[in-house]
Amino acid sequence: MINLIRRLVLASVVTTLMSVGLLAQVSIQSSNYTTLKGAFDAINAGTFTGAIEVKINGNTIETATAQLKASGVGAASYTSVVVYPTDTCIIRGAVTNALVEMLDADNVTFDGRINRLGSYQALSLENTTTSATVFRLSTVSGSNGPRYNTIKYTNIAAAAQASTCYAIVSCASTSLTTAGTVGCTGLIVSNNNIRRAYYGVRIYGTAAAKVDSVSVLNNSFGNNGTVNDGCYYATYMYYTSNIVMQDNEFIINNGTSACYPMYNNYGTDSKIINNSASVVTTSTLYGIYDINSSGTIATGNKIKDCSSATFYCIYGSSSNGATYSNNIVSNNYATSTMYIGYLTSGGTANLSNNKFTDNTSASTSYGIYLSSHQNATINNNEIVNLNGTGTTYGLYLSSSSNAIIKNNNFQNINK
């Protein structure tokens with residue numbers, strides 16, 4: 001009888017420990033939750049207030065969006081929320097729309113380092129359904145948008161390279177894709193590994209209210225060229241102001257669709273600095289794509305060892321006051337036409353002090369191409385070892401006017 005009682009007591013203890021363990025994946029103070037959504041729901045309900053730490057202690061399976069609402073909405077009341085792991089963990093789910101959503105939430109940080117120390121990305125977030133994103137920063141009508149949020153040192157993967165898959169997206173609450181978000185200010189995306197998404201970081205503002213002061217820094221896109229793990233639009237900036245894309249690495253093998261590592265459309269005072277890109281696609285590749293913008297500075301970028309059908313290394317269209325300088329474009333190959341520096345459709349631009357070396361096309365090659373462009377300044381560039389099996393041009397002007405072209409070095413322009 002005594003042994004039977006001992007066995008029953010032991011079984012009860014084990015059961016209790018197992019149930020506690022099942023509730024310990026996510027914790028806030030002494031409270032445990034099985035999912036991140038459960039923890040966020042508690043914050044939304046006002047269970048925790050002030051500066052809140054959300055600890056990820058084990059893997060979670062999310063079955064619905066972990067949505068964090070703004071402080072002041074309902075019972076939510078906090079000054080900041082920090083999410084971080086205490087061990088190597090995965091937050092995963094097949095969740096419609098978004099795995100994690102910051103709905104007008106401010107001062108939220110996802111820090112993927114264990115106990116927020118070191119530089120190892122220990123936290124992974126994966127949404128395994130299509131027509132969805134991993135992180136969504138959104139706003140409801142009349143609100144001021146999600147502000148001063150940070151996503152850093154995390155591994156972020158969507159379901160596929162399908163056009164409905166995103167890693168990080170800003171948008172209105174009613175749309176995942178087309179409606180821009182208002183007031184998404186001060187977002188920092190840094191030191192993440194971002195892969196397996198059509199859009200890596202898609203920041204989508206509006207003409208009336210541009211997204212302001214977004215920084216995308218020191219991220220790695222494309223899982224070192226692993227097939228099907230790349231992003232067709234690694235960074236996609238649309239109606240933004242004062243964005244910074246700096247020190248990112250794009251090593252992408254994308255297959256058959258057009259690829260844009262650095263996409264900037266309707267940007268004001270954008271800075272694209274010291275990024276490196278090595279991309280393989282059988283379609284068109286745009287290394288730096290800068291259109292309809294003003295005041296863009298693209299400097300110190302390296303576009304090397306790329307392969308595509310048609311290749312536009314630096315593409316500027318209808319952009320005013322743009323400066324493309326001190327970039328290195330080398331050892332790239334196009335199976336069709338190659339354009340090294342391509343400026344078109346009006347605007348003003350300064351293309352200076354760039355080095356374009358050892359680039360080859362299996363068809364026509366252009367070193368610097370001005371098409372219907374006015375007031376360009378083309379100074380001190382090196383175009384060396386430009387090769388093509390078709391006609392090869394070091395410098396090509398078409399319907400352009402008032403260009404200043406001086407002190408450029410053209411060597412070994414070969415057909």
Side-chain angles (χ1 to χ4, degrees), residues 161 167-168 189-203 215-237 243-265 267 270-291 293 296-317 322-335 337-342 351 354-361 381:
Q161 289 180 305
I168 299 171
V189 179
S190 68
N191 296 285
N192 303 289
N193 296 318
I194 300 172
R195 62 188 179 93
R196 206 167 61 235
Y198 197 85
Y199 297 93
V201 180
R202 188 179 195 267
I203 305 302
S215 297
V216 181
L217 313 170
N218 294 294
N219 301 283
S220 177
F221 294 86
N223 199 21
N224 291 315
T226 300
V227 177
N228 299 323
D229 262 6
C231 305
Y232 288 112
Y233 292 87
T235 55
Y236 182 104
M237 305 293 163
I243 63 100
V244 178
M245 292 184 280
Q246 184 169 344
D247 295 317
N248 300 288
E249 183 179 49
F250 309 92
I251 305 179
I252 297 170
N253 190 337
N254 265 355
T256 59
S257 293
C259 185
Y260 303 78
M262 293 164 273
Y263 181 103
N264 187 47
N265 192 358
S270 306
K271 294 179 175 59
I272 305 171
I273 301 172
N274 294 340
N275 304 284
S276 64
S278 177
V279 179
V280 176
T281 178
T282 58
S283 184
T284 304
L285 171 59
Y286 299 86
I288 297 172
Y289 187 82
D290 181 46
I291 66 172
S293 298
T296 299
I297 295 175
T299 185
N301 301 286
K302 296 179 180 179
I303 304 173
K304 302 174 67 176
D305 305 319
C306 297
S307 176
S308 65
T310 301
F311 190 7
Y312 296 88
C313 299
I314 299 173
Y315 185 104
S317 176
T323 298
Y324 312 111
S325 66
N326 297 293
N327 301 291
I328 296 174
V329 176
S330 67
N331 198 38
N332 300 294
Y333 178 75
T335 58
T337 306
M338 173 171 285
Y339 302 87
I340 304 298
Y342 185 90
L351 187 70
N354 301 285
K355 293 185 178 181
F356 306 135
T357 61
D358 300 305
N359 297 290
T360 302
S361 167
N381 301 284

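In this chain, residues are counted from 1 in sequence order. Quantities reported herein were computed from a predicted structural model and do not represent experimental measurements.
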Strictly distance-based, threshold 3.5 Å: is any side-chain N or O of N359 a donor or acceptor partner for the main-chain N or O of N332? yes
Okay, side chain of D229, backbone of G222: is any donor-acceptor separation there less than 3.5 Å? no
Please find the pair of heavy atoms, one from F221 and one from I252, that lie closest to each other, and give the distance. O-CG1, 3.7 Å
Can you find a heavy atom in the side chain of M237 that is under 4.5 Å from one in the side chain of V216? yes
Any donor-acceptor pair under 3.5 Å from T281 side chain to S257 backbone: yes
Which heavy atom in N253 sits nearest to a heavy atom in G225, and how many Å separate them? CB-O, 3.1 Å
Interatomic distance, CG@N274 vs CG@D247, rounded to 0.5 Å, equals 5.0 Å
Side chains of I243 and I203 in contact at under 4.5 Å (non-hydrogen atoms): no
Can T226 and R195 be said to form a side-chain contact (heavy atoms from CB on, under 4.5 Å), step by step? CA-CA 9 Å; T226 300; R195 62 188 179 93; over 6 Å; no
So, the side chain of S317 versus the backbone of I291: is there a donor-acceptor pair under 3.5 Å, distance only? no
With Y263, which of Y233, Y312, Y315 fulfils ring pair (Phe, Tyr, Trp, His ring centres under 6.0 Å)? Y233
N301 to I272 - nearest heavy-atom pair and separation: ND2-O, 3.0 Å
Please report the closest heavy-atom contact between P261 and G287, naming both atoms and the distance. CD-O, 3.8 Å
Please check if the side chain of N254 supplies one atom and the backbone of V279 the other of a donor-acceptor pair under 3.5 Å. no
Show the nearest heavy-atom pair for residues S283 and T256, with the distance to one decimal. CB-O, 3.2 Å
Are the side chain of N354 and the backbone of V329 linked by a donor-acceptor contact shorter than 3.5 Å? no
Would you compute the distance between atom OG1 of T284 and atom CZ of F311 and round it to the nearest 0.5 angstrom? 11.0 Å
Does any N or O in the side chain of N223 come within less than 3.5 Å of the main-chain N or O of R196, such that one atom is a donor and the other an acceptor? no
OH of Y289 to CG of N264, rounded to nearest 0.5 Å, is 11.0 Å
Rounded to the nearest 0.5 Å, what separation is found between the OG atom of S190 and the CG atom of N248? 9.5 Å
State, without any angle test, whether N331 and D358 hold a side-chain donor-acceptor pair at a distance under 3.5 Å. no
List the steps and the verdict of side-chain contact (heavy atoms from CB on, under 4.5 Å) for L217 and V244. CA-CA 8 Å; L217 313 170; V244 178; 4.0 Å; yes
Are F356 and C313 close enough that some pair of their side-chain heavy atoms sits under 4.5 Å apart? no
Atom OG of S276 and atom CZ of F250: how far apart are they, to the nearest 0.5 Å? 8.0 Å
Check whether any side-chain heavy atom of T360 sits under 4.5 Å from a side-chain heavy atom of M338, and report yes or no. no
What one should report as the nearest heavy-atom pair of M262 and T235 is CA-OG1, 3.4 Å
Hey, what do you get for CG (N381) to OG (S325), rounding to the nearest 0.5 Å? 9.5 Å
